[in-house]
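Worksheet for the structure shown next.
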Amino acid sequence: MSSQSSKEALKRWLGTGLFVVVLAVAAVVFRQSLVAWFSGESSGHPGGTSSAAPGAPHAHAGEIDHYTCPMHPSVKQAGPGKCPICGMNLVPVTKDQLDEGIVMIDDARRQLIGVRTGPVIEGPMQRSLRAVGRVTYDESKLTDVTLKVGGFITKLLVSRTGQRVQAGQTLFSLYSPELFAAQQDFLLASQGASSSLGSGGTPGRVEMLGRAARTRLKLLGLGDAEIDALAKRGTPSESLPFPSPASGFVIEKDVVEGASVQAGMRLFRVAALDRVWVEADVYEADLPHVHVGDTATVTLDYLPGQSYDAKVSYIYPVVDPTARTGKIRVELANKKLELRPGMYANVNLASNPVPRVQVPASAVVYTGPRRLVFVDLGDGRFRPQEVHVGATADGMVEVLDGLKAGDQVATSGVFLIAAEARISTAAKYWDKSPEPAASASASPGGSTSPVSGAAPAPEPRRPGTPSSPPARAPRANPASASGASTPASTPSAKAAAPDIVWTCPMHPEVQLDKPGECPKCGMTLVPKPRGGSP
C-alpha cells in the first residue's frame with residue numbers, strides 16, 4: 001500500500017516539474033510578447049497602441065532612441081511606460097525616425113486637429129501680380145498752341161482751364177506789327193501781279209513775289225482759308241483769329257487778354273482724353289516676370305464692379321532708386337470719359353499659363369530660411385520635406401524642387417503637425433544650422449538621453465534675463481529629505497544606478513541623467529525610477 005502511494009506521489013512530482021519547465025521555456029520564448037501585453041501595448045488594451053500600429057514596422061526596424069506620448073510629444077523617456085500627463089502608453093521613436101523627422105498621428109488625433117491631405121498636381125499656372133497705378137494723359141495726344149510772331153492778345157475766347165475745345169475753334173485774336181506788315185506785302189504783290197497781267201507785261205517776277213508773300217504768311221501761322229479771305233478783302237486786318245489745332249480739353253493756359261506775347265511762347269496745352277494711359281509701379285523683383293503683351297485688368301475703387309481689359313504696352317527701362325519699383329504702361333479707351341487723369345487704379349497682371357508642379361498655399365510652412373511641406377507616407381506617418389517655391393496664383397504655390405506630381409501632402413492642420421515635429425523629432429529643419437548634439441551621456445543599451453537624443457532647439461530665453469543664469473548657492477536636495485541615496489548624484493553612483501532619471505516636478509517631460517536645474521523654470525530636479533513616478 002505504501003509502495004503504491006509513493007509511486008503516485010512520484011508521478012505527481014514529475015508532472016509538476018514538467019509543467020514548470022514548460023512554463024519557463026514559454027516565458028523565455030514569448031518574453032517580448034508577454035512584456036508588451038502586460039505593459040498595455042497590445043491592440044486590445046483600451047487606449048493602447050497596437051504592435052502593428054501605423055509606423056510600427058518602421059519604428060522597430062532601427063534602434064529605439066526614446067519613448068514618447070502620442071498626445072504629448074514633449075514627454076520623452078528612455079523606456080516604455082505611461083505618460084505622466086494623460087496616462088496613455090508611450091510609443092517608441094527610433095533613431096531613423098528622429099533623423100528623418102517623421103511624425104506619427106493616429107486617426108483619432110488626425111480627426112481632432114483637422115488634418116487633411118491632397119495630391120501634388122502638375123497643371124497650368126498663371127502667374128498674377130497686383131500693382132497700384134495712376135491714370136495719366138496719353139502723351140501722344142498732347143498739343144501745344146504756340147506763336148511764331150510776337151504781338152498782343154486783343155481778345156481771349158477760351159479763358160478757362162479745363163474748357164473743352166474742338167479743332168478749328170478760335171482760341172484768341174492777335175495783333176502783331178510783323179504780321180500786319182506781311183499782310184500788306186502780300187496785298188501789294190497780289191495787286192502788282194494783277195496789274196502786270198492786265199497790261200500784258202511779263203508775270204514771272206511779280207508772280208514770284210506774290211508766292212513769296214503768301215508763303216511768308218503761312219510760315220507766320222495763317223492758313224490758306226485766311227490768306228484767301230485776305231486777298232478777297234483787299235485790306236490787312238489788325239487783329240487776326242488763331243484757331244485750336246486739335247480737339248480736347250485745355251489743361252494748361254498761360255495767357256490772359258491784353259497780354260504781350262513773344263514768338264515761341266506756349267499759350268495753351270490741349271489734351272485729348274478719348275484714350276488714356278495707366279502707369280503702374282511694379283517691384284523690381286517682379287519686373288522679370290512682366291512682358292509686353294501680358295494681359296492686364298484695371299479696376300478703380302470709385303467704379304465698383306467695373307473692370308477694363310488691356311495689355312501691357314510698354315515697360316520703362318528705369319527703376320525708382322527710392323521706392324525700388326519700375327513703371328509699366330497700359331492703354332485704355334475712354335469714350336465715356338470715366339477715367340480721369342490723376343485717379344488711382346488697381347492693375348492686375350497675368351502672364352501666359354505654363355504647366356507647373358504646384359501645391360495649395362496652405363500646405364507650405366515657412367521656417368525662416370526653409371520652406372517645408374509634410375509628405376503623407378501612409379499609416380499615419382508624416383515626413384517634413386524641404387522644398388523650393390516659385391510663383392503663387394489662385395491659392396496655389398509652384399514647387400521648383402523637392403516634390404513630384406502625385407505625392408500626397410498635408411493641406412490643413414499643417415501648423416499643428418509642424419509644432420509637433422518641432423517639439424519631437426524635426427528640430428534640424430527649424431534652425432538655420434543644425435545644433436550639435438548635447439553632451440549628455442548615453443544610457444545603457446545604446447539609446448541616448450531622452451532630452452539630448454532628439455537634439456531639440458535651445459529653449460528661448462525670457463525677455464530681460466541674461467543669456468546664461470548666474471551662479472546660485474546650492475540648495476538642499478529634496479531627494480535627501482525623501483530618503484534617496486545622496487551618492488547617487490555623483491557620476492560613479494549614476495553608473496551604479498542606471499535606472500534613475502532626474503526630472504522637474506513642474507515639467508515632468510524634462511528628464512536628465514544627472515542632477516541639476518530645470519532649463520524651463522529653474523527648479524531643482526528630483527530623482528525618479530525610469531518609467532515610474534517621482
Side-chain angles (χ1 to χ4, degrees), residues 137-275 341:
Y137 301 103
D138 184 347
E139 295 179 1
S140 64
K141 293 192 174 184
L142 294 178
T143 304
D144 285 342
V145 179
T146 59
L147 288 177
K148 299 177 181 179
V149 294
F152 302 89
I153 303 297
T154 58
K155 190 172 185 180
L156 190 63
L157 301 178
V158 177
S159 58
R160 296 182 301 274
T161 303
Q163 188 172 343
R164 189 169 189 173
V165 297
Q166 299 293 332
Q169 178 182 343
T170 301
L171 300 176
F172 58 91
S173 297
L174 176 73
Y175 164 70
S176 172
E178 182 180 358
L179 193 56
F180 186 79
Q183 291 181 75
Q184 289 180 328
D185 294 342
F186 172 72
L187 291 175
L188 290 174
S190 299
Q191 293 174 1
S194 300
S195 301
S196 174
L197 291 174
S199 61
T202 305
R205 181 176 177 82
V206 178
E207 287 182 359
M208 289 179 60
L209 291 174
R211 286 196 299 268
R214 186 182 184 91
T215 302
R216 184 184 178 193
L217 288 175
K218 293 179 66 175
L219 294 176
L220 291 177
L222 296 184
D224 290 331
E226 295 171 325
I227 296 175
D228 293 339
L230 173 61
K232 185 177 181 180
R233 190 171 59 246
T235 57
S237 296
E238 294 183 2
S239 182
L240 291 176
F242 279 79
S244 173
S247 299
F249 293 84
V250 176
I251 61 174
E252 292 184 20
K253 185 182 76 69
D254 300 319
V255 66
V256 294
E257 189 169 320
S260 173
V261 294
Q262 303 296 325
M265 181 178 177
R266 185 177 70 188
L267 306 183
F268 297 92
R269 171 165 284 185
V270 179
L273 296 182
D274 58 338
R275 191 169 188 82

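In this chain, residues are counted from 1 in sequence order. Just the heavy atoms: all of them, side chains too, but no hydrogens, waters or symmetry mates, feed the values below.
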Taking side chain as C-beta onward, heavy atoms only, is [X] less than 4.5 Å from [Y]?
X	Y	result
Lys148	Leu222	no
Arg233	Leu230	yes
Arg275	Ser140	no
Val158	Phe172	no
Lys141	Asp274	yes
Leu267	Phe242	no
Glu252	Arg266	yes

Do the ring planes of Tyr175 and Phe180 sit parallel (below 30°), tilted (30 to 60°) or perpendicular (above 60°)? tilted

Does CZ in Phe152 sit with more than 12 non-hydrogen atoms of other residues, nucleotides or ligands closer than 6.0 Å?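 Open: at most 12 neighbouring heavy atoms sit under 6.0 Å from CZ of Phe152.
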
Heavy atoms from other residues, nucleotides or ligands near CD of Gln169 exceed 12 (cutoff 6.0 Å):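 For Gln169, atom CD is crowded (more than 12 foreign heavy atoms under 6.0 Å).
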
Only residue of Val145, Leu157, Val250 satisfying side-chain contact (heavy atoms from CB on, under 4.5 Å) with Leu171 is Val145

Which of these passes side-chain contact (heavy atoms from CB on, under 4.5 Å) with Leu174: Val261, Leu240, Thr154? Val261

Does [X] reach the main-chain N or O of [Y] with its side chain, forming a donor-acceptor pair under 3.5 Å?
X	Y	value
Ser176	Gly150	yes
Ser244	Ala246	yes
Gln183	Ser237	yes
Lys232	Gly234	no

Under the side-chain contact (heavy atoms from CB on, under 4.5 Å) criterion, do Arg269 and Ile251 qualify, and how do the steps go? CA-CA 6 Å; Arg269 171 165 284 185; Ile251 61 174; 3.7 Å; yes

Would you compute the distance between atom [atom1] of [X] and atom [atom2] of [Y] and round it to the nearest 0.5 angstrom?
X	Y	atom1	atom2	result
Leu217	Arg214	CG	CZ	8.5 Å
Arg216	Leu179	CZ	CG	9.0 Å
Gln163	Phe249	CD	CZ	10.5 Å
Leu156	Thr170	CG	OG1	11.5 Å

Between Ala167 and Ser247 the two heavy atoms that sit nearest each other are N-OG, 2.9 Å

If you look at every heavy atom in Glu226 and Pro243, which pair is closest and at what distance?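 Looks like OE2-CD, 4.3 Å.
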
Derivation and outcome, side-chain contact (heavy atoms from CB on, under 4.5 Å), residues Ile153 and Val256: CA-CA 8 Å; Ile153 303 297; Val256 294; over 6 Å; no

